There are 2 protein chains.
Amino acid sequence: MSTMFYDPAGFTSRTSLGYLLKMAHAQMHSCAERIFAQHDISFVQWIALLKLREGQALTASDLCRSMCHDNGAVTRMLDHLEERGYVERRRSRQDRRVVELRLTEAGEHKLDELLPQVVARLNEVLNASGFSEAEFAELTHLLNKLLTGLQAHNALPEPGIGDST
Amino acid sequence: MSTMFYDPAGFTSRTSLGYLLKMAHAQMHSCAERIFAQHDISFVQWIALLKLREGQALTASDLCRSMCHDNGAVTRMLDHLEERGYVERRRSRQDRRVVELRLTEAGEHKLDELLPQVVARLNEVLNASGFSEAEFAELTHLLNKLLTGLQAHNALPEPGIGDST
DNA sequence: CGGCAATATCTGCCTCGGCAAATACTGCGC
DNA sequence: GCGCAGTATTTGCCGAGGCAGATATTGCCG
């Protein structure tokens, strides 16, 4: 039923998914930040703009959820983006608790300005890493699969402790 | 020669490797931290102990490199681990700049105490995500491949800007 | 309407990582 | 030995995220 992917005896850091993800993320992040060093927003903030345009997030909490980001951090990020004039906040009329977010012209522009650079950088890295299209597709697929499983797993209140019912 | 993995036109956050890695890492991290919440060290610190025992890191700079971690952060992490009595620092006699790190008995014990829990949690998540052994092996392989490429890419001084020579 | 749980957002506090400067030491050339 | 470039480590500073509490608002129930 359940597969033993890892065994305590032969467990090494270099083969551990947690470690690999941490490293890959760190390297990818610093790789991406190189592009954004010359701009007034960060990679994460750019992703937020992208999410807004994609319509995946209309409010701050949407952004929190779809980006695995903290509430407070999102508030401050939006402050930043609003100062720069890339997004607008407007209290909803229907529900005055929520703040509707909207990408401004400048935000759209910033997004489009950076899009080709990000894409180029990603392609560059994948080529340099010697990926084939099939491998790339497979990696994307598997990461999505893992992500879905992780999200489900983390949604459980106290996994593997007192849930023997 | 170079493959176009991404195209500016059809680029979405949910298919972007940067985004996927960020999300997967965040979820994996919070998943792992659940185990460590009841202990006096964090997941990252545990990895450091593991690296020490594996012999992959004998000094602080070794740890920095092999964990993609900041110099200062490692110093403070070692302060923490030393306070807890899990590692010992000793100035090298050969080169008095370097600090030799050594896992203490307590450190070994802590490592062994947590190892099965970490392994179990990883297996749990992978099973819940519906991974086959082959898929798991493939994911590990592809992540390693990407990581190697990223490290090489990031080692370059100013990639893709002024290096037309 | 008034109480009350739930939700959205914001704020303050804390920790941690990234960065740069400072310190200590080595090895090399003079 | 002395100066100097290079390396290992430490420290201070800053920005960002996690977490808990505060505030504002809604919807529900009586």
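Reminder, nothing fancy here: chain letters follow the sequence lines and each chain counts from 1. Being a predicted model, the structure only gives us computed values, none of them experimental. What's counted below: heavy atoms across the whole structure, side chains too, no hydrogens, waters or symmetry copies.
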### Task
Return the set of residues passing side-chain hydrogen bond (donor to acceptor under 3.5 Å, both in side chains) with B/Arg102 (not counting sequence neighbours), or none when no residue passes.
B/Glu88
### Query
Between B/Tyr6 and A/Phe136, how do the two ring planes meet: parallel, tilted or perpendicular, split at 30° and 60°?
perpendicular
### Query
Of all residues at least two apart in sequence or in a different chain, which pass the side-chain hydrogen bond (donor to acceptor under 3.5 Å, both in side chains) check with B/Asp79?
B/Arg89
#### Entry: side-chain contact (heavy atoms from CB on, under 4.5 Å) against B/His39, all qualifying residues, sequence neighbours excluded
B/Lys110, B/Glu113, B/Leu114, B/Gln117
### Summary
Across all chains, not counting sequence neighbours, the salt bridge (charged side-chain N to carboxylate O under 4.0 Å, His left out) partners of A/Glu54 are none
### Task
To the nearest Å, give me how far apart CG (B/Asp79) and P (C/dG17) are.
12 Å
### Contact residues, residues 94-103 of chain A to DNA chain D [heavy atom, < 4.0 Å]
A/Asp95, A/Arg96, A/Arg97
### Task
Only counting residues at least two apart or in another chain, list the ones meeting side-chain contact (heavy atoms from CB on, under 4.5 Å) with B/Thr148.
none
### Summary
B/His25 atom NE2 is separated from C/dG17 atom C1', nearest whole Å, by 12 Å
### Message
Whole angstroms only, please: what is the CE-C1' distance between A/Met23 and C/dG17?
### Response
15 Å
## Note on the structure
side-chain hydrogen bond (donor to acceptor under 3.5 Å, both in side chains) filter on A/Thr104, not counting sequence neighbours, yields none
### Task
Tell me, please, which residues at least two apart from A/Glu138 pass salt bridge (charged side-chain N to carboxylate O under 4.0 Å, His left out).
none
### Message
I'd like to check the ring pair (Phe, Tyr, Trp, His ring centres under 6.0 Å) partners of A/His29; sequence neighbours left out, ordered by chain and number.
### Response
A/His25
### Contacts of type side-chain hydrogen bond (donor to acceptor under 3.5 Å, both in side chains), residue B/Asp62, not counting sequence neighbours
B/Thr59, B/Arg65
### Query
Taking CZ from B/Phe36 and P from C/dC16, how many angstroms apart are they, rounded to a whole number?
14 Å
#### Entry: Nearest-Å distance for atom pair CZ/P, residues A/Arg91 and C/dA8
12 Å
### Task
Mind running a 4.0 Å heavy-atom check of residues 50-61 of chain B against DNA chain D and sending the residues that fall below it, in number order?
B/Thr59, B/Ala60, B/Ser61
### Task
Round to a whole Å and report the spacing from CG of B/Leu78 to C1' of C/dG17.
14 Å
### Task
Enter the distance from B/Cys31:SG to A/Gln151:CD here, rounded to the nearest 0.5 Å.
12.0 Å
### Message
Treating primed atoms plus P, OP1 and OP2 as sugar-phosphate and everything else as base, which nucleotides of nucleotides 13-21 of chain D get B, S or - for protein heavy atoms under 4.0 Å?
### Response
B---SBB--
### Query
Could you give the CG-to-C1' distance, from A/Leu63 to C/dT9, as a whole number of Å?
13 Å
